[in-house]
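Counting convention: from 1, in listed order, for ligands and their atoms alike. Index from 1, following the sequence.
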Amino acid sequence: MPEVPVSAALATARRRLADALAQAGRGVDDARLLAVSKTKPAALIRQAYRNGQRDFGENYLQEALDKQRELTDLDAIVWHFIGPLQSNKTRAVAENFHWVHSIDRARIARRLSEQRPAALGPLNVCLQVNVSGEASKSGVSPAELEALALEVARLPNLRLRGLMTIPAPAEGLVAQRRPLAELRRLKERLAERQPSLELDTLSMGMSDDLEAAVHEGATLVRLGTAIFGARAGH
Ligand SMILES: *Cc1c(COP(=O)(O)O)cnc(C)c1O
């Protein structure tokens, strides 16, 4: 069990988001919380759901599928896959999630589109961008972003919603805002050059840099620790 009950942590996180939006001069509904539940039991997801949370993010496929099986009664839940995605996992992701945030290759996107069951409607996707330029991080490079976006936008069973990033950890608002500002500019430039894309999502901001992300226009902030407490494994 987390030290703080999920209901209280969620209330604090909502207040934090509301304060950050107000400070940034944005509307109360301009960003929403994605609760990152990786490594946390289904019971905590259920608690958050009971307190009004609907969007949940998972990183590890098998763990996510196990929890989804326990939570089939939560019919308004929205599942986001936010972890690294290999080819052999695309079918299960296409069949069991509403969103994928971590697309960084055309091959993965093509498989997801081919494997998406028609009855579920298009899969919402974000392109993960490597803004910090670290060789070890996944994500498409800014230079290759536009070509990937155009290819993904053509796939019939995907709906390209926007961009996502996981910047290198940084201390302080100024350092934190730099890579997040870059993602915002990349989205703006892409939207300018390709107006047909209709991008409405900037998936950025985690427990440590929510304020910086909201200042830079985040629309979906991915909070794990702040809602469910510290993680043990992984
Ligand atoms: C784990 C994770 C998060 C949540 O991180 P916290 O620091 O616990 O809020 C957000 N996004 C991704 C992609 C993650 O893997």
Tabulated below should be the N or O atoms of ligand 1 paired with protein N or O atoms at under 3.5 Å; can you produce that?
residue  : atom   : partner : partner atom : Å
ligand 1 : 8 (O)  : T225    : N            : 2.8
ligand 1 : 8 (O)  : T225    : OG1          : 2.5
ligand 1 : 8 (O)  : R231    : NH1          : 2.8
ligand 1 : 8 (O)  : R231    : NH2          : 3.1
ligand 1 : 9 (O)  : S207    : N            : 3.0
ligand 1 : 9 (O)  : S207    : OG           : 2.5
ligand 1 : 9 (O)  : G224    : N            : 2.8
ligand 1 : 11 (N) : R222    : NE           : 2.9
ligand 1 : 15 (O) : K38     : NZ           : 2.6
ligand 1 : 15 (O) : N59     : ND2          : 2.6

- Locate the shortest heavy-atom distance separating Y49 from R54; write the atom from each residue and the value. O-NH1, 2.9 Å
- Message: Treating R111 as the side-chain partner and Q86 as the backbone partner, does any N or O pair qualify as donor plus acceptor under 3.5 Å?
- Response: no
- Task: In sequence, state the C-alpha distance, the side-chain angles, and the governing distance for H101 and H80, and then conclude on ring-ring contact (aromatic ring centres under 6.0 Å, His included).
- Result: CA-CA 7 Å; H101 291 229; H80 299 246; 5.0 Å; yes
- Task: State whether the side chain of R116 and the backbone N or O of A94 hold a donor-acceptor pair below 3.5 Å, judged by distance alone.
- Result: yes
- N51 (side chain) donor-acceptor with A48 (main chain) under 3.5 angstrom: no
- Message: Between S207 and A226 (side chain of the first, backbone of the second, donor and acceptor by atom type, cut-off under 3.5 Å), is there such a pair?
- Response: yes
